[in-house]
There are 2 protein chains.
Amino acid sequence: MKKQCACKSIPAEELKRIKDELPDSDTIESLGEFFKVFGDPTRLKLIYFLSQYELCVADLARLSEMEQSAVSHQLKILRLHRLTKQRRDGTTIYYSLNDNHVREVFDVALEHIEEIG
Amino acid sequence: MKKQCACKSIPAEELKRIKDELPDSDTIESLGEFFKVFGDPTRLKLIYFLSQYELCVADLARLSEMEQSAVSHQLKILRLHRLTKQRRDGTTIYYSLNDNHVREVFDVALEHIEEIG
DNA sequence: CATGTATATGAATATATGTTCATATACTAA
DNA sequence: TTAGTATATGAACATATATTCATATACATG
């Protein structure tokens with residue numbers, strides 16, 4: 001029983017080179033975090049609405065048909081990832097998107113879905 | 001105690017209109033699924049490698065420093081989402097990306113990470 | 001056929017995550 | 001201050017998910 005697989009389609013030196021091209025692990029982690037935020041349908045809805053309008057929590061709850069608490073929890077996640085910004089007006093807090101890439105990512109993915117499913 | 005929140009920054013008819021602009025729930029679900037695939041660092045590594053090279057499972061395992069079993073499990077997910085295609089050569093199976101949008105999504109997100117973190 | 005290699009997969013486990021409920025906080029107005 | 005409104009948050013719970021281990025499958029070779 002050999003210790004190393006005999007496949008080795010690619011020689012060791014080239015494997016090393018390919019491996020080095022990978023973005024560093026912090027970047028990969030951040031990317032994963034970023035996509036994870038988009039990986040939940042309820043957050044996607046919030047993101048979509050916020051990509052078009054500045055909205056208060058209560059209206060977001062009505063639009064997404066979620067409870068206010070659930071919306072606040074999800075908004076916290078968006079906030080922590082700096083995807084949103086907010087302003088206070090009295091007791092009301094208005095959220096909006098903080099970044100142009102967000103909608104861009106959304107749209108590229110949408111193209112994919114429409115083509116491949 | 002009122003039954004409905006008094007906030008209503010936006011009148012009911014307009015809320016309805018905004019709500020109707022949201023892609024249908026199947027599309028939102030698919031988008032969420034799509035992003036969820038990208039939401040795991042180990043899958044991101046596989047996707048990145050495959051965006052540049054056609055690779056066999058064993059080499060993917062070496063490159064990503066994962067066990068062969070874990071790689072196969074993740075490749076199954078990529079396959080089910082039709083992000084990859086594969087061809088067999090003897091006992092070896094070579095994987096590659098199936099879609100151009102994938103790398104595009106990856107790159108847009110990378111821009112975001114580099115700007116906002 | 002039997003052996004070996006590359007990959008796939010089911011089950012078990014540990015961890016992560018989203019929602020709900022109850023409650024806290026921050027602000028407004030009387 | 002007291003009551004009311006909008007939002008935030010901690011804890012508990014249920015569900016999802018990634019990994020590992022053991023094993024199965026598919027193919028090649030002798």
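Nothing here was measured: the structure is a model prediction, and the numbers come from that model. In the text below, chain A, chain B and the rest are named by the order of the sequence lines, each starting its count at 1.
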Please report, rounded to the nearest Å, how far the C1' atom of D/dC27 is from the CG atom of B/Asp89. 11 Å
Is the phosphate of C/dT7, meaning OP1 or OP2, less than 4.0 Å from a side-chain N or O of B/Arg88? no
Rounded to whole angstroms, how far apart are CZ on B/Arg79 and P on C/dT7? 12 Å
Given D/dT19, is OP1 or OP2 found less than 4.0 Å from the side-chain N or O atoms of B/Gln74? yes
Side chain to side chain contact (heavy atoms under 4.5 Å, CB included) partners for B/Gln74, two or more places apart: B/Asp40, B/Thr42, B/Arg43, B/Leu46, B/Met66, B/Ile77
C/dA6 base / B/Gln68 side chain donor-acceptor hit below 3.5 Å: no
Between A/Asp59 (CG) and D/dA6 (P), how many Å, whole number? 10 Å
Taking the six-membered ring for Trp, are B/His81 and B/Phe34 closer than 6.0 Å centroid to centroid? no
From the set C/dT9, C/dT17, D/dG10, return the single nucleotide nearest to any side-chain atom of A/Lys76. D/dG10
For A/Gln68 and A/Ser72, which I'm curious about, is there any donor-acceptor pair between the side chains at under 3.5 Å? yes
Looking at B/Tyr95, I'd like to know whether one of its side-chain N or O atoms comes within less than 4.0 Å of OP1 or OP2 on C/dA8. yes
Spacing between B/Leu55 atom CG and C/dT7 atom C1', to the nearest angstrom: 15 Å
Interatomic distance, B/Glu33 CD vs D/dT17 C1' [rounded to whole Å]: 12 Å
Presence of donor-acceptor pair under 3.5 Å, side chain of A/His73 and base of C/dT17: no
Steps toward side chain to side chain contact (heavy atoms under 4.5 Å, CB included) verdict (A/Phe35, B/Lys36): CA-CA 7 Å; A/Phe35 284 122; B/Lys36 209 173 285 180; over 6 Å; no
Under 4.0 Å between any heavy atoms, over every strand shown, what does B/Ile77 touch: base, sugar-phosphate, or nothing? Just pick one. sugar-phosphate
Record whether the side chain of A/Ser69 comes under 3.5 Å of the base of C/dC21 through a donor-acceptor pair of N or O atoms. yes
Nucleotide D/dA8, atom P - distance to CD1 of A/Ile93 in whole Å: 4 Å
Roughly, in whole Å, what's the span from CD in A/Gln86 to C1' in C/dA26? 14 Å
Does C/dT19 have OP1 or OP2 under 4.0 Å away from a side-chain N or O of A/Thr42? yes
May I ask you to check whether B/Tyr53 and B/Phe49 place their ring centers less than 6.0 Å from one another? no
Which of these nucleotides, D/dT7, D/dA18, C/dC21, is closest to any side-chain atom of A/Glu67? C/dC21
I want to verify a distance call: between C/dG18, C/dT9, D/dA8, whose nearest atom is closest to the A/Arg43 side chain? C/dG18
Output yes when at least one side-chain N/O atom of A/Thr91 is less than 4.0 Å from OP1 or OP2 of C/dC27, else no. no
To the nearest angstrom, the CG-P distance between A/Leu60 and D/dT7 comes to 9 Å
